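Notes follow once the structure below has been shown.
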Amino acid sequence: MEYLNQLNTVQRQAVTETQGPALVIAGAGSGKTRVLTYRIAHLLNNGVYPSSVLSLTFTNKAAREMKERISEIVGAETAKYLWMGTFHSIFSRILRTEAEHIGYSSKFTIYDSSDSKSLLKSIIKELNLDEAVYKVGSVLGRISSAKNNLVTPEAYFANTALQTEDAGMRMPKIVDIYRKYSAKLKFSDAMDFDDLLLNTNILFRDCPQVLADYQKRFKYIMVDEYQDTNFSQYLIVKKLSALHGNVCVVGDDAQSIYSFRGAKIENILNFKNDYPNYQLFKLEQNYRSTQTIVNAANSIIAKNSKQIQKKVFSENEVGEKIKVVGTLTDKEEGFVVSSAIHNNIYTDGFDYSEIAILYRTNAQSRIFEETLRRKEIPYRLYGGLSFYDRKEIKDLLAYYKLIINHRDIEAFKRVINYPVRGIGKTTLDRLIDFSNHANVHVWDVLENIEVTEIGFNKGTVAKLKGFVDIIKSFSEKLETTNAYDLALEVADKTGILKEFFSQKTPENIARYENVQELLNGIKDHEESNRSDDMPIVTLDNYMENVSLLTDLDNEDPEDKNKVTLMTVHSSKGLEFKVVYLVGLEEDLFPSKMSAIMPDDVEEERRLFYVAITRAEVKAHISYAETRYKYGTPTPSRPSRFIKEIDRDFLDIKDDNESGFGGESNFSQFNTGSGPSYGSFKKRNVADNKPKIKVYNDLPLSQRNLKKIDNSVNNNTVTSSGLYNVGQKVNHEKFGRGIIESIEGEDSNIKAKIIFDSSGAKTLLLKFAKLEIIPS
DNA sequence: GTATAAACACTTTTT
DNA sequence: GTGTTTATAC
C-alpha cells in the first residue's frame, strides 16, 4: 500500500477508515481529490467490487480524471466497473434502465436549458400570459427550485405559500405554467436537468423494490463537493446509503457557491444530524498555495458568519504579496493584465497553461480576448457560448434527437424548416395548434397528414411528407448503423453541409469546422466504446449523455498550452500557478443581485475565496473605474472584498506609474472608514461625456493603444450631445433629413426625423447610423 | 414565405 | 456590445 505513505495523518485516516458515515472537511488545496482517489483505490485493494462503489462528482471532468488516477493504481480493468460520474449522468443512466417504472421510455430526450426555455416560452404564449411579466428566466428559476426541493406540480398546486410568493412577484399563474410544462415534457418523452434528479426520487419513492436493488448494489457511496448538493441530491444519497450506511461526503463549506441553483450549504453543516455516528476528518493543510495566498484567503472568509470551524494553513514559502491594480477603464485593465502575462512568460518563465484569468461574468471575457490576441498570447476560453450551444451544433443534434425520439417537440421545431424547405411559421403554428387541441403528437399528425382534416394545400402536404420520410429513413438505420456513419449521412442528406458551402464566408467555414469537430467527437465515442459485446456503437448510444456535456469535456490537445479564461464558478477545483482575478468592483463582484440579501453577499465572498485559492504562487487582483455595461460606460468602485483582505498580504499599485499623477488612489484602504472612495469622486466619470474625459486623461503612451475606442466614443457622445432639433443629417438608407424632435434618455434617445425622400421616421440614435450635415 | 434592417433585451454564476 | 424578436419590403 505504497500510496498511503504519500499522505499526512488525517488524510491517511480518511482513506483507511472506510466503514460507516464519514464527513471530510477539505480546505482549499488540502489534497481532497487525492484522498478521494486513494480511498476508492483502498477499497478496491481490499476486495470491494468496483461495481459496488458509487462516486458522485460535480463535473464529468472531475469524474474522468479521478477514474484515470484510480486506474493507475488498481488497473483499468478494475477501474472501468466503478460507478463514477455527476449526479446527472449517473442517474440518467439509471433512469434509462428503469424508465418504464415512471412512464418514460428508455430513449427519453434530455432537454438542456435552452430547450426548457423555448418550451416555457411556447406555454406562456399558449396561456395568453404577458411575456414581459412572465420572463422565461424567472419562470424557469421558480420551477427549477420547486423541482430541486421535490415539489411536484400537484404539490405546488396544493401549496398556498409558494403561490402567495408568486403572486407577490406578479406571477400568480406560475403553477399553471409548471403543470403544463411538466405535462408537455412527459408527453414529449423528455426530461430537463432537474427532472433527472426529481424523477430518480420519484422512482425510489414509488418503487421500493428498485430502490432496494440499488441500495444492495452500492455498498460504498462517495460524494464530492457535498456543499453544493441540493435537497433532491441530498435525498438520493440518503436513500441509497440507508442500507449499508457507508457514505463518505467530501466538501468545504467555505466553497459553497451554487445556492442560486438550489444547493444547500446546510447539507454539509447538518451532516452530523443525519448521521450521528459519523467520523469527522478535517484536512487543514494547504499544499497548493503560498502562505500569503492562504492567509489572505483566510482573512476574507473570516468575515462570513456561517461556517464550520477550521484552520487552513500552508507550510509552503511565504511568497509574494497579492498585487492589486486599479485602472481607469476596463480596456486598460485588459492591457495591464495582458502585459503582465507577457512578463510572466518572457521574464518569469511560466508556461501559458499555468496562467488563468478569472472573472465573475462571462461578458467580461471579450476584452481579454482582444488584448491577449493583440499581444499574440494564446488563450482558451471556457464557458460562455459553449461548443454545444452553437447554432450549427444544436441544429444537427436536434436532428439526431428527433430521429431517436419523434415526440421531441423542441427538436422538431428546430429542424422542421432548417435548412429552409418552405415550411414557414404559419404552417408550423397551425400544426402545433392542431396537435394541442387534438392532444396528439405533432409527429402523429404528420404521419397521417393526408387523412387529417387540417386543410393544408397540396404543396405544403408534399413538403411535410418529404420531411417525415427523410427522418423515418434515418430512424430505420439507427440500430444497424454505426454512429459516425449515420451522423454524417444526416448532415449530408438534410442539406446542412451544403448550407455551409453555399457561400464561403468566414462564418460558414467556422461552422463547417465545428460540425466536423462534432462528427469527430462522435467517431471518438464510437471507437472508445466499441467492444465484443457491442460491435456497433449506435447514434443513440452517443446521444444518451451528450446533453450533459460541457466545454470542459471537450478538451482539445491543441489547447494544452494556453492561458485559461473562465468564470470563477467554473474554476472550482482547478489550480494555476498565476491567477488574475479581474473586475473586482462593487455590483460586479459582489454581483449587483447579491446587494440586498446578506446571505447572498456571503456566497459572493465564498466565491471570492474560491477564486483566490486557485492561485499557487502569484495572485493578482484588478478593477476598473469605468466599465462598459451594455455598450455604455458605467462608473464603478473597487469591490469591498479588496478592503476585506488583510492589508499585510497586499501590494497595492495604483495607476500613477502609468502616468496619471496625483495622490494615491488608495487612501480608503489606509483610513478604512466607510465607503469614502474619495479619489474616485475627483475623477468622476458619471457625467454626460464620460469618455472624452477619460480619453483625455490618458497618458500619451496609452492614447495610441486606444484608437479602437475612438469610434465608439464619438458615437455615444454625439448621440447624447451633438444632435439638435433642426440639425440636418444623412442616413445611409433614408438619405437626407432634418431632425424634428428629440426625446428619451441615456441610450434610449429617439429622434423624429423628416426625410426628404421617405418622410417622417422615429429612430433610436444609438442604432441609426447618422451623419451630420454641417449647415 | 423569406430576407433584411430596425428595435429591443440583456448580464450572475451551470449540471 | 451581442443576440434575438419585430416590422417591412420583396
Side-chain angles (χ1 to χ4, degrees), chain A residues 56-63 85-92 110 112-114 117-118 121 131-132 135-137 141 144 148 192-197 225 228-230 232-233 257-263 330 358-367 370 382-386 388-389 391 417 420-428 459-460 463 545 547-553 566-572 583 587-595 600 603-604 606-607 610-611 627-633 712 715-716 731-734 747-748 750 761-764 766-769:
Chain A
L56 298 164
T57 60
F58 197 69
T59 62
N60 296 303
K61 188 177 175 223
T86 62
F87 273 89
H88 291 85
S89 70
I90 293 286
F91 294 109
S92 72
I110 299 172
D112 66 19
S113 28
S114 66
K117 281 182 181 159
S118 159
K121 206 167 178 183
E131 285 173 82
K135 293 194 180 142
V136 261
S144 169
N148 287 329
D192 67 11
F193 285 144
D194 304 315
D195 282 336
L196 296 174
L197 307 172
E225 308 283 11
D228 283 323
T229 51
N230 60 36
S232 194
Q233 294 167 319
I257 56 174
Y258 280 99
S259 77
F260 71 92
R261 215 169 85 188
D330 47 0
L358 306 181
Y359 36 78
R360 179 65 238 270
T361 65
N362 279 308
Q364 288 164 259
S365 69
R366 220 198 79 253
I367 225 149
E370 270 172 30
Y382 292 84
L385 231 205
S386 120
Y388 298 98
D389 283 336
K391 186 185 175 304
N417 198 30
V420 177
R421 47 173 76 83
I423 304 169
K425 196 173 172 312
T426 325
T427 308
L428 185 59
T460 308
K463 287 175 197 161
N545 57 9
S547 306
L548 302 172
L549 297 180
T550 65
D551 266 5
L552 282 170
D553 303 312
M566 58 168 53
T567 61
V568 180
H569 277 91
S570 36
S571 76
K572 192 174 71 164
D587 290 347
L588 183 60
F589 199 172
S591 129
K592 195 164 193 170
M593 304 292 184
S594 70
D600 291 350
E603 174 142 322
E604 295 284 313
R606 292 192 293 268
L607 191 57
V610 168
R627 176 174 301 279
Y628 272 78
K629 283 178 180 166
Y630 345 77
T632 37
V712 184
N715 191 14
T716 314
H731 186 270
E732 61 178 6
K733 192 171 167 197
F734 303 126
S747 59
N748 289 319
K750 288 176 204 156
K761 305 253 184 223
T762 304
L763 303 173
L764 259 160
K766 191 163 79 172
F767 297 105
K769 293 178 183 97

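Here the structure is a predicted model, which means the values were calculated and not measured. Because only heavy atoms are used, hydrogens play no part in the values below, and waters and symmetry mates are left out as well, while side chains stay in. Proteins come first, then strands; the chains are lettered A, B, ... in the order of their sequence lines, and each starts at number 1.
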Sorted by chain and number, sequence neighbours left out, side chain to side chain donor-acceptor pair (under 3.5 Å) with A:Ser232 holds for A:Asn201
According to side chain to side chain donor-acceptor pair (under 3.5 Å), who are the partners of A:Ser591, at least two apart in sequence or on a separate chain?
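Not a single residue meets the side chain to side chain donor-acceptor pair (under 3.5 Å) criterion with A:Ser591.
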Please determine, for the side chain of [X], which listed nucleotide ([options]) has the closest atom?
{"X": "A:Tyr630", "options": "B:dT11, B:dT15, B:dG1", "result": "B:dT11"}
{"X": "A:Thr426", "options": "B:dG1, B:dT12, B:dT14", "result": "B:dG1"}
{"X": "A:Phe260", "options": "B:dT15, B:dT14, C:dT2", "result": "B:dT14"}

P spacing across the pair B:dT13 / C:dT4, given as an integer number of angstrom
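Pairwise P distance, B:dT13 against C:dT4, rounds to 15 Å.
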Are [X] and [N] close enough that a side-chain N or O sits under 4.0 Å from OP1 or OP2?
{"X": "A:Ser547", "N": "B:dT15", "value": "no"}
{"X": "A:Lys121", "N": "C:dT5", "value": "yes"}
{"X": "A:Ser570", "N": "B:dT14", "value": "yes"}
{"X": "A:Asn362", "N": "B:dT13", "value": "yes"}

Tell me: [atom1] of [X] to [atom2] of [N], nearest whole Å?
{"X": "A:Tyr359", "N": "B:dT11", "atom1": "OH", "atom2": "C1'", "value": "13 Å"}
{"X": "A:Arg366", "N": "B:dT11", "atom1": "CZ", "atom2": "C1'", "value": "14 Å"}
{"X": "A:Lys572", "N": "B:dT15", "atom1": "NZ", "atom2": "P", "value": "10 Å"}
{"X": "A:Arg627", "N": "B:dT11", "atom1": "CZ", "atom2": "C1'", "value": "12 Å"}
{"X": "A:Gln364", "N": "B:dT11", "atom1": "CD", "atom2": "P", "value": "15 Å"}
{"X": "A:Asp389", "N": "B:dT15", "atom1": "CG", "atom2": "P", "value": "11 Å"}
{"X": "A:Lys592", "N": "B:dC10", "atom1": "NZ", "atom2": "P", "value": "14 Å"}
{"X": "A:Lys425", "N": "C:dT6", "atom1": "NZ", "atom2": "P", "value": "8 Å"}

With a non-hydrogen cut-off below 4.0 angstrom, is [X] in contact with a base, only sugar-phosphate, or nothing?
{"X": "A:Ser89", "result": "nothing"}
{"X": "A:Phe589", "result": "nothing"}
{"X": "A:Phe87", "result": "nothing"}
{"X": "A:Lys135", "result": "sugar-phosphate"}
{"X": "A:Lys117", "result": "nothing"}
{"X": "A:Ser594", "result": "nothing"}

Any side-chain donor paired with an acceptor under 3.5 Å for A:Asn545 and A:Ser89?
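Short answer, no.
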For A:Asn417 and A:His569, take the nucleotide of DNA chain B holding the closest heavy atom to each; which residue's nucleotide lies nearer the 5' end?
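The 5'-side residue here is A:Asn417.
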I want to confirm an ordering. Mapping A:Ser591 and A:Val420 to their closest nucleotides on DNA chain B, which one lands closer to the 5' end?
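The 5'-side residue here is A:Val420.
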Compare every heavy atom of A:Tyr382 with every heavy atom of A:Tyr359, then report the nearest pair and how far apart it is.
OH-O, 4.3 Å
Mind listing the closest non-hydrogen atom pair of A:Thr567 and A:Thr361 along with its distance?
CG2-C, 4.3 Å
Parallel, tilted or perpendicular: which describes the rings of A:His88 and A:Phe193, with under 30° parallel and over 60° perpendicular?
perpendicular
